[in-house]
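A short write-up of the structure that comes next.
Here the structure is a predicted model, which means the values were calculated and not measured. In what follows, every chain begins at residue 1, and chains take the letters A, B, ... in the order their sequences are listed.
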There are 2 protein chains.
Amino acid sequence: MIEKNLDTSILLSIYETAVLLIKKNIEFVSERGLTNQQWVILIHLAKDPNLPYFIREKHDKPMMASELADSLGVTRANITNLLTVLMEKKLLKQFEDDQDRRKKRLMLTPKGEKLIASMQSERLSSNAAMLKGLKNKEKAEFLRYLQKCTENVQKING
Amino acid sequence: MIEKNLDTSILLSIYETAVLLIKKNIEFVSERGLTNQQWVILIHLAKDPNLPYFIREKHDKPMMASELADSLGVTRANITNLLTVLMEKKLLKQFEDDQDRRKKRLMLTPKGEKLIASMQSERLSSNAAMLKGLKNKEKAEFLRYLQKCTENVQKING
DNA sequence: TTTAATAGTTAACCATATTAACTATTTTAC
DNA sequence: GTAAAATAGTTAATATGGTTAACTATTAAA
């Protein structure tokens, strides 16, 4: 007999909420011909300051594939495939780093910039709707709790 | 230029946290020869009262495949495949509903019960570690915020 | 200056889930 | 009461999304 436990309820709830959010986002981005992962890459290249990866560490130079792999939690090989598709769509381009010739830097094309910009207002209103009923102070706490949890998990994983 | 926005930061943080939690859980359950989805089915059949599905609605009768599909957010066909594997592993069994012969009810075998019971103490301590540093009152708020968010998303999706 | 690490790519493959068509049964609507 | 629709589950084919392992090229470390 499994007992009621607050920690467990929270973690299962994070899991369920994320499943729903991803489903909702797939609907949103597929209307623009994107997969969820493609879209996540594009908002990284658009330097969305709300991404946990950018909240944790400031980032000056254009991103590399390996940094995307790190932020998305997938392999570099997978990123290569995703980037290939996005370059075929002319949404981003790669250029070589002049300091280190192993590295390739990524940036949005004007077409990519426009696409992301055109999605932004619907994205914002949709996001607001998902957090409707929470006060600003509560939202700030919510974010802090999530960040604490992420930090704990990362600490455990080493 | 994408601006800082609290709603967006929260939703991206939920997404990232869930990715990390799932990775952590895959490690945990794969040591017992389970996939993440197989394990989620097993805790449903073990009637884990921390599952959002059970928090929302009381459940008396043994579960059906279609209810699992609903709770997990996947198709019934997918559940059929997952159940086949779990029955091959002798972790659960199916029996026909005597009221409605379309339905099949699911329950853990003694082996399935034992497996889940044997995982419970490590699961609890791992969950506690992931929420370390939050007070009980904060955890209660955290859960409420997540539930509010889930409710909003479900309302939007219809 | 050899060795190890980093960055990226490619090809083969695997896991997971979906769609569509099907059977069986029960419910709804006329 | 019966025809039509809905529900539950299964199957086969397929799509998707990702991984692993082997490779090249380049740079950093010993």
Between D:dA15 (P) and A:Ile26 (CD1): distance, integer Å:
18 Å
Does any N or O donor sit under 3.5 Å from an N or O acceptor when you compare the side chain of B:Arg102 with the base of D:dT7?
yes
For DNA chain C, which residues in residues 56-71 of chain A have a heavy atom at a distance below 4.0 Å?
A:Met64, A:Ala65, A:Ser66
Quick check: is B:Leu42 connected to A:Leu11 through a chain of hydrophobic side chains (ILVMFWY, heavy atoms under 4.5 Å apart)?
no
Would you say a side-chain N or O of A:Asn78 is under 4.0 Å from OP1 or OP2 of D:dT19?
yes
Check every nucleotide of DNA chain C for an atom under 4.0 Å from a heavy-atom of chain A, then give the first and the last such nucleotide from 5' to 3'.
C:dA5 to C:dT10
ILVMFWY cluster membership beyond A:Met107 - transitive side-chain contacts under 4.5 angstrom:
A:Phe95
Quickly work out the A:Ile22 CD1 to D:dT16 P distance and round it to whole Å.
18 Å
Within residues 87-97 of chain B, the residues having a heavy atom closer than 4.0 Å to DNA chain D are B:Gln94
Partners meeting side-chain hydrogen bond (donor to acceptor under 3.5 Å, both in side chains) with A:Thr8 (sequence neighbours left out)
A:Asn5, B:Asn127
Any chance you could measure B:Asn50, atom CG, to A:Leu12, atom CG, to the nearest 0.5 Å?
6.5 Å
Within residues 30-42 of chain A, find the residues that approach DNA chain C with a heavy atom at under 4.0 Å, and present them sorted by residue number.
none
